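Everything on this sheet refers to the single structure shown next.
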Number of protein chains: 2
Amino acid sequence: MDNKFEIIYKTLKKEIIDGIYNDTMKLPTEAVLVKRFDTSRNTIRRSIQCLNEDGLVYSVKGRGVVILENTRVDEMFFKMGNFQGLKALSSYANVKTATKIRVFEELTVDEKLSKRISFPIGERVFHADRIRLINDRATMHDNSYFKKSIVKGLNKDIAKESIYNYINENLDFNIAASKTVTKVESANKIDSEVLDLGKNNCVGVVENAVYTDMGKLFEHTTIRYIPNEYAIVSFNQSDKDRVDHL
Amino acid sequence: MDNKFEIIYKTLKKEIIDGIYNDTMKLPTEAVLVKRFDTSRNTIRRSIQCLNEDGLVYSVKGRGVVILENTRVDEMFFKMGNFQGLKALSSYANVKTATKIRVFEELTVDEKLSKRISFPIGERVFHADRIRLINDRATMHDNSYFKKSIVKGLNKDIAKESIYNYINENLDFNIAASKTVTKVESANKIDSEVLDLGKNNCVGVVENAVYTDMGKLFEHTTIRYIPNEYAIVSFNQSDKDRVDHL
DNA sequence: GAGTGGTCTAGACCACGGT
DNA sequence: CCGTGGTCTAGACCACTCC
């Protein structure tokens, strides 16, 4: 799985991290890279685009491809694909995780639920309400709905382990993308009951809508998690022109 | 500023939102679009890439470009460029905003500060500590550091208004990108003093490192904000292959 | 004006999905 | 097998930065 543009991307990435361009803080010009890698300009540009998405470089017309200074933030950098994008602030070493199932049931989406999770009224769904324990502390509370028509054969045992493993290994679709809303809210009665909040009376909330590669929304999960344990990292660019006007 | 690929992008975006493709939930094939817009395939692919970045479509090799189902999340969708990416949950209508300056000073980065904000030791910086009021409520506390060598001539009056307007109108660089860490933390003593937390004892925290288009880190801001008022929205894709191994 | 990245063209071949 | 998107080439012209 190593395309030409990926090889070039990885090569340049390593060189940037190793500090080879620290004198100029710029990449060589596209023309130079074309010659060096004996490839076309489009392929070079594709590689540079990858570096850009990583937050390593930024291109300016007429000036060149500038290398962005490093920050402490980079130490925490990662890509978030789904709810696991919530990276534990504590190191992963010596972490004991477990899942406790509060509810696992099958039900039909009514009007109220439909408004909340954007599934059509009448859709049959699996509802899984789970607590995530880290080192015996209840740090996360996941409330998930899966479309039965897509995630066939889901059951309590699978929910206790990894639903995503089950999908990857047994079902005929792939997970393509997700849309996420992140908030901070006052803790409600359930939060204080099921999460180890300690003295804290607020939670982080992530609402996550997940899509199959057929374009179908198949999962909606609301995660409520305790403070001081998780972080989300992202890289953002001033959209040079395009504006969102949905 | 309307390139060909942008025109096509906007056209297709409108058609998707208008539901023209709702029967198949797929875009026409690239070949069809090439003919329709009388352009090259690369340009069509560029337009589709824009739609993809908006979270509207997802391409699958051999199958086509699938349109993603809509969700309630889309109602809140927006691009976050810097700290303003914290979108107020309350509507923007009838909102009175104000800024109160707690501290404005010039200082030199020492070792402790350097570790926190990734500016080199000895760098001269402006330090602005500001409270954002929305409808007379203290909802956000910004603690910002700007490199003096880059943001020349910053002063208290400018900090009271918009530093970004000042940069755009008076300085010779542009803002390129930012890296962000988002967390939830227990409120500290200062938080309870300066923010209208009410009964809440936690805050949302955004750490933001901002870059010029010369690749220079020039601003570090830590925003601490009250619960229940702000949300961050994002679109994420399963990186088909590329993995981050910095 | 010289050099740089941004847009665009018109092809080619490959890998995967569905029939 | 055919149709689809993914990769890649080898050019062209334009817009911007910087000297």
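What you see is a predicted model; the values in this text were computed from it and never measured. Chain letters run A, B, ... following the sequence lines, proteins first, then strands; residues in each count from 1.
- Each of B/N174 and B/R45 lies near DNA chain D, and the nucleotide nearest B/R45 is the one positioned closer to the 5' end.
- Counting heavy atoms from C-beta outward, B/K179 and B/Y211 have side chains that approach closer than 4.5 Å.
- Aromatic ring orientation, A/H127 versus A/Y145: parallel (interplanar angle below 30°, classes split at 30° and 60°).
- Straight-line distance from the CG atom of B/N42 to the C1' atom of D/dA10: 12 Å, rounded to whole Å.
- Counting only distance, with no hydrogens or angles, the side chain of B/E69 and the backbone of A/L217 share a donor-acceptor pair below 3.5 Å.
- At whole-Å resolution of the value, CG in A/L51 and C1' in C/dG5 are 15 Å apart.
- Side-chain contact between A/R130 and A/S144: present, with at least one pair of heavy atoms (C-beta onward) separated by less than 4.5 Å.
- In this structure, CZ of B/R41 is placed 14 Å from P of C/dC13, rounded to the nearest angstrom.
- Taking 4.0 angstrom as the limit, A/R63 places none of its side-chain polar atoms (N or O) nearer than this to OP1 or OP2 of C/dG5.
- Residue A/N3 places at least one side-chain N or O under 4.0 Å from the OP1 or OP2 atom of D/dT7.
- Taking atom CG on B/D172 and atom P on D/dC16, their separation rounds to 18 Å, with Å as the unit.
- Applying a 4.0 Å cut-off to non-hydrogen atoms, the residues of residues 28-40 of chain A that approach DNA chain D are A/T39, A/S40, listed by residue number.
- In this structure, CD1 of A/I44 is placed 16 Å from C1' of C/dG6, rounded to the nearest angstrom.
- Between the CG atom of B/D213 and the C1' atom of C/dG6 there is a distance of 16 Å, rounded to whole Å.
- A cation-pi arrangement is present between B/K147 and B/F119, with the terminal nitrogen or guanidinium carbon under 6.0 Å from the aromatic centre and inside a 45° cone about the axis.
- Comparing D/dC16, C/dC8, C/dC16 by their closest approach to the side chain of A/K61 singles out D/dC16.
- Distance CZ (A/R46) to C1' (D/dA10): 18 Å, rounded to an integer number of Å.
- With distances taken from any side-chain atom of B/V65 to the nucleotides C/dT9, D/dG5, D/dC13, the minimum falls on D/dG5.
- Ring pair B/Y225/B/Y230: centre-to-centre distance below 6.0 Å.
- Between A/E207 and A/R116 no salt bridge is recorded (no basic side-chain N to carboxylate O distance below 4.0 Å).
- With the nearest nucleotide of DNA chain C identified for both B/G62 and B/K4, B/K4 has the one nearer the 5' end.
- Atom C1' of nucleotide D/dT17 and atom CE of B/M214 are separated by 10 Å, given to the nearest angstrom.
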